[in-house]
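Take a look at the structure set out below.
By convention in this document, chain letters (A, B, ...) are assigned in the order of the sequence lines, proteins followed by strands, and residues within each chain are numbered from 1.
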2 protein chains.
Amino acid sequence: MLDALAQKFRSLGLDRDEDLDAFLRIVKVRRDGTRGEDVVGSGSSPKYLTVLLAGLTCLYESLEDGGRQIYAFQYPGDFCDLHSYVLPEPDMALAVGALTECFTGIIYYKDLDPTIRRHPQLGLALWRASMLEASILRERLLNVSRRPALERVAHLLCQELTRREAVGIYSAIVPLTQIDLADAAGLSVVHVNRIFQDLRKLGVLSENGRVIEVVSKKGLVGVAKFYRGYLDMPKRLSQWQVRIEGAAD
Amino acid sequence: MLDALAQKFRSLGLDRDEDLDAFLRIVKVRRDGTRGEDVVGSGSSPKYLTVLLAGLTCLYESLEDGGRQIYAFQYPGDFCDLHSYVLPEPDMALAVGALTECFTGIIYYKDLDPTIRRHPQLGLALWRASMLEASILRERLLNVSRRPALERVAHLLCQELTRREAVGIYSAIVPLTQIDLADAAGLSVVHVNRIFQDLRKLGVLSENGRVIEVVSKKGLVGVAKFYRGYLDMPKRLSQWQVRIEGAAD
DNA sequence: CGTGCTGTTGAGGACGATCAATGACGGTGG
DNA sequence: CCACCGTCATTGATCGTCCTCAACAGCACG
């Protein structure tokens, strides 16, 4: 169950088994709800960090007008509420909701604090994890801000497909509803539905309306004008590693 | 010149003079360009971190279609390229441009790395700084994604006013052009101009078309439906501090 | 005294929102 | 086994926000 987490941290540069083990040891596995339930409430920040181990969740905020803004989708290995670890006051009314059945792990601050102190590389890895989130967030901002609906939805799907692959999920079926996508894209559900019909006509999505199934990944990438990844850690670390090795204390 | 920086880091929880001094000592002051020039290029990541000491800059990306997406405005004390410190590969084609005359400081990685190792609190403060950026970015996403143009522009102005005050700038004149605002808001320049005329009729902005001058802050806040701040660090740290004090190694 | 950047104005059109129903499916309880 | 209900998908019609194009005006600069 902790595999995804271990893999992610290795790709974040936490390569010494000693550091990794120390971290994994303080994670307590736990089962959490299904679609509709909140994994992390919007209320006061708890005494622990939550990390997703299996399933799909989203970081969202409920709007005054009854709407919902989805800021990010979270996959196994991602932290649900890293933001509240360093910035105690809940950012706004942020919450994390489950989109599928899912499992999480929790890490008490009181365990994490000293572990980071003893394993500085762990702190760095966490910092990187949050920078990676920020990077994805910027991409999302660009997406929402500039691209027309068709491209926007396609791009969102590309992102999810890519991130899923990064954690070893290769199914062509994306476990989201049109509603989720609309909330993330900042479009009305009705319009998303029309976009879906276009994508089907283009042979990108399957005709089965019940699930979102990507039939042609090539086509999707084309429609989305989707380039490279701000998503894959591994490659991005080479340079860093060099710097660290060379920097004696 | 380093005042803004020192103040910011104190508010980020770097309260021990020893840590703060160690940090300030490795900052090298430097004068940088005026409007139109890039403070940090979009090319390869350099060997140092850049921090803004005076003036106003923006983190942006040039789009294929000739447009420009502004992700964030940066004020004295803010880092220009913190993202490339932990994530070597340039995120995308990110660059930092000067919007006014400005001064920056640079901090060589080779100086920063060991300093962080010796002063863990500094690493934490930097982490917090990047989380704060992320927090502002989320707010921006919400703004761009959901609010209609009038509210959106007003909200953007409110944010800038608030952030300026946080670093001791109380002038009612915001040194941005309508173009900058359009690029940040994801609106066309023409439309922003029309919104400006509305804001003037509402008595929020001055009639002087050459500069952006907020005449009625109350009015602006009202139009924007602008609530509280994900911006002010000080208050947010109380809780954290308690946790740290209590956690013996 | 041009040249460039920024701001302003008008007209027309496209994209996406909203409102209002209806359909399709799965699960629940009688 | 069937009736009921809730969630999600689909469709049509209408409307409004915001974009594009195109031109011009004002100011600052060299």
Scan [X] against the nucleic acid and name what it touches under 4.0 Å (heavy atoms): base, sugar-phosphate only, or nothing.
X: A:V190; result: base
X: B:T177; result: sugar-phosphate
X: A:R200; result: sugar-phosphate
X: A:G186; result: sugar-phosphate

Between [atom2] on [N] and [atom1] on [X], what's the gap in Å once rounded to a whole number?
X: A:N193; N: D:dC8; atom1: CG; atom2: C1'; answer: 10 Å
X: A:I179; N: D:dC8; atom1: CD1; atom2: C1'; answer: 5 Å
X: A:L181; N: D:dT10; atom1: CG; atom2: P; answer: 13 Å
X: B:N208; N: C:dT6; atom1: CG; atom2: P; answer: 16 Å
X: A:D183; N: D:dA9; atom1: CG; atom2: P; answer: 12 Å
X: A:D180; N: D:dC8; atom1: CG; atom2: P; answer: 8 Å
X: B:H191; N: C:dT9; atom1: NE2; atom2: P; answer: 15 Å
X: B:Q197; N: C:dG10; atom1: CD; atom2: C1'; answer: 12 Å

Using the closest heavy atom to pick a nucleotide of DNA chain C for each, name whichever of A:I195 or B:V189 lands nearer the 5' end. B:V189

So which one's nearest nucleotide on DNA chain C is more toward 5', B:V211 or A:P148? B:V211

Who pairs with B:E37 by side chain to side chain contact (heavy atoms under 4.5 Å, CB included), at least two apart in sequence or on another chain?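 So B:E37 forms a side chain to side chain contact (heavy atoms under 4.5 Å, CB included) with B:T34.
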
Go through the N and O atoms of the side chain of A:R152 and the base of C:dG16, and report whether any donor-acceptor pair is under 3.5 Å.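 Side chain to base: no pair present.
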
Report yes if at least one side-chain N or O of B:R35 is closer than 4.0 Å to OP1 or OP2 of C:dT6; otherwise report no. yes

Look at the side-chain N and O atoms of B:Q178 and state whether any lies under 4.0 Å from the OP1 or OP2 oxygen of C:dC5.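 For B:Q178, the contact criterion (side-chain N or O under 4.0 Å from OP1 or OP2 of C:dC5) is not met.
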
B:Q197-B:N193 side chain donor-acceptor pair, cut-off 3.5 Å: yes

Check whether the side chains of B:D183 and B:Y71 place a donor and an acceptor atom closer than 3.5 Å, and report yes or no. no

4.5 Å side-chain heavy-atom contact, B:I106 and B:L49: no

Below 6.0 angstrom between ring centroids: does that apply to A:Y48 and A:F79? no

Check every atom of C:dA17, C:dT6, D:dG12 against the side chain of A:S188 and return the nucleotide holding the closest atom.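 Within the option list, the nearest is C:dA17.
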
Which one, D:dA13, C:dG7, D:dC8, comes nearest to the side chain of A:R210?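 In terms of side-chain proximity for A:R210, the closest of D:dA13, C:dG7, D:dC8 is D:dC8.
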
